Amino acid sequence: MAAEYSRNENVTYNIPQQFADKKIGACPFCGTEHPGWLVREEWKLLGSNEYYFKCPHCETELMVLKDDVTGMAFTKNTPSGKKKASEGKIMNEPYVTVVKIGFSAKTHDNILLQGEDMPVRKLKQVMEELRKK
């Protein structure tokens with residue numbers, strides 16, 4: 001069974017929570033400025049661990065590999081960095097996968113993003129363009 005989402009305000013420095021608050025920032029789907037991202041970690045036996053982030057306002061779920069959150073995938077000197085380079089991804093960009101779009105934020109246009117893996121910056125740009133339509 002997967003771990004539950006949580007947010008721990010009592011910890012001085014929580015790397016995944018800091019990542020979500022600073023790098024993802026506003027929810028790309030509902031637009032909530034400071035959503036207070038909820039976090040859970042999923043451990044993988046033969047692969048990179050994953051962090052899942054959930055917007056408590058619209059229930060959208062995003063996933064980022066732990067090595068992208070910590071920066072370990074930003075160099076070709078690590079296994080995750082080598083994999084990232086071999087996939088032709090931008091090395092110093094964290095990639096996010098749209099796991100689930102919350103029902104209240106789901107639209108005909110943005111439903112196509114579900115399952116997509118892209119840089120956080122690109123996801124924000126795409127959603128800004130969709131909101132302008």
Side-chain angles (χ1 to χ4, degrees):
M1 187 167 137
E4 295 293 319
Y5 283 95
S6 65
R7 182 165 179 90
N8 192 345
E9 300 290 353
N10 298 325
V11 176
T12 305
Y13 192 70
N14 183 319
I15 293 172
Q17 207 166 279
Q18 294 271 331
F19 173 87
D21 292 345
K22 291 180 180 174
K23 294 285 186 185
I24 299 172
C27 178
F29 290 90
C30 70
T32 301
E33 281 298 319
H34 303 286
W37 289 98
L38 303 174
V39 180
R40 76 177 172 87
E41 183 174 6
E42 195 169 296
W43 291 80
K44 301 290 182 184
L45 188 59
L46 297 173
S48 182
N49 296 341
E50 301 166 341
Y51 284 121
Y52 288 81
F53 303 102
K54 184 176 187 176
C55 174
H57 298 279
C58 71
E59 305 284 309
T60 292
E61 295 178 39
L62 307 173
M63 186 277 295
V64 180
L65 294 176
K66 183 176 184 177
D67 287 351
D68 262 354
V69 170
T70 62
M72 292 297 292
F74 294 174
T75 175
K76 293 180 186 177
N77 294 332
T78 63
S80 58
K82 287 177 186 168
K83 183 176 187 287
K84 193 172 186 176
S86 73
E87 293 172 350
K89 293 182 175 179
I90 303 166
M91 293 303 293
N92 62 346
E93 289 275 345
Y95 277 68
V96 61
T97 301
V98 179
V99 177
K100 177 185 142 199
I101 300 170
F103 185 74
S104 65
K106 196 177 287 186
T107 67
H108 180 69
D109 290 329
N110 73 17
I111 192 72
L112 298 174
L113 294 172
Q114 194 158 312
E116 289 296 314
D117 182 39
M118 65 184 75
V120 172
R121 184 175 39 88
K122 174 87 172 162
L123 176 61
K124 289 179 181 184
Q125 288 172 347
V126 168
M127 288 307 297
E128 282 178 30
E129 290 171 16
L130 287 177
R131 277 196 209 99
K132 290 178 185 176
K133 284 186 171 182

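Every value quoted in this text rests on a predicted model; they were computed, and no experiment measured them.
Both Y5 and L65 are assigned to one and the same hydrophobic cluster, defined by single-linkage of ILVMFWY side chains at heavy-atom distances under 4.5 Å. Clustering ILVMFWY residues whenever any of their side-chain heavy atoms sit less than 4.5 angstrom apart, transitively, puts W37 in a cluster other than the one holding V99. Linking Ile, Leu, Val, Met, Phe, Trp and Tyr residues whenever their side-chain heavy atoms come within less than 4.5 Å places I15 and V39 in a single cluster. No chain of hydrophobic side-chain contacts below 4.5 Å, direct or via other Ile, Leu, Val, Met, Phe, Trp or Tyr residues, connects M72 to I90. L38 is not connected to Y51 by any chain of hydrophobic side-chain contacts under 4.5 Å among Ile, Leu, Val, Met, Phe, Trp and Tyr, and they are in different clusters.
Closest of all the heavy-atom pairs between L123 and P28 is CD2-CG, 3.8 Å. Heavy atoms only, all atoms of each residue included: T60 and A105 are closest at OG1-CB, 4.3 Å. Taking each heavy atom of A26 and G31 in turn, the nearest pair found is CB-O, 4.4 Å. For the pair F19 and D68, the tightest heavy-atom approach, listed with the atom from each and the gap, is CE1-O, 4.4 Å. Across every non-hydrogen atom of P35 and P56, the tightest pair is O-CG, 3.0 Å.
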Discussion item. For a side-chain contact (heavy atoms from CB on, under 4.5 Å) check, start with the C-alpha distance between K66 and W43, then their side-chain angles and the critical distance, and finish with the verdict.
Written reply: CA-CA 10 Å; K66 183 176 184 177; W43 291 80; 4.2 Å; yes
Discussion item. Determine whether I24 and L62 satisfy the following criterion, side-chain contact (heavy atoms from CB on, under 4.5 Å), listing intermediate values before the conclusion.
Written reply: CA-CA 10 Å; I24 299 172; L62 307 173; 4.2 Å; yes
Discussion item. Does T107 form a side-chain contact (heavy atoms from CB on, under 4.5 Å) with L130? I'd like the steps, not just the answer.
Written reply: CA-CA 10 Å; T107 67; L130 287 177; 5.6 Å; no
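The distance from atom NZ of K82 to atom CE of M91, rounded to the nearest 0.5 Å, is 10.5 Å. Taking CD of E129 as the start and CG of D109 as the end, the distance is 11.5 Å to the nearest 0.5 Å. Interatomic distance, CG of D67 versus OG1 of T78, reported as 6.0 Å (0.5 Å rounding). Note that the CD atom of Q17 and the OG atom of S6 stand 7.5 Å from one another [nearest 0.5 Å]. Between the CD atom in Q125 and the CE atom in M127 there is a gap of 13.0 Å [rounded to 0.5 Å]. The NE2 atom of H34 lies 9.0 Å from the CG atom of D21; values are rounded to the nearest 0.5 Å.
Within 6.0 Å of CE on M118 lie more than 12 heavy atoms contributed by other residues, nucleotides or ligands. K23 NZ: 12 or fewer foreign heavy atoms inside a 6.0 Å radius. Within a 6.0 Å radius of NZ in K83, no more than 12 heavy atoms belonging to other residues, nucleotides or ligands are found.
A salt bridge is absent between R40 and E4: the closest approach of a Lys/Arg side-chain nitrogen to an acidic carboxylate oxygen does not fall below 4.0 angstrom. Between K124 and E128, no side-chain nitrogen of the basic residue sits less than 4.0 Å from a carboxylate oxygen of the acidic one, so the salt-bridge criterion is not met.
A donor-acceptor pair under 3.5 Å is absent between the side-chain atoms of E61 and the main chain of Y52, judged by distance alone. Here the side chain of E93 pairs no donor or acceptor atom with the backbone of R121 at under 3.5 angstrom. Under a 3.5 Å cut-off, the side chain of T97 and the backbone N or O of D117 do not form any donor-acceptor pair. Under the 3.5 Å distance criterion, the side-chain polar atoms of N49 are left unmatched by any main-chain donor or acceptor of E41.
Under the 6.0 Å distance and 45° angle rule, K84 does not count as a cation-pi partner of Y95.
The shortest side-chain heavy-atom distance between F53 and P16 falls under the 4.5 Å cut-off.
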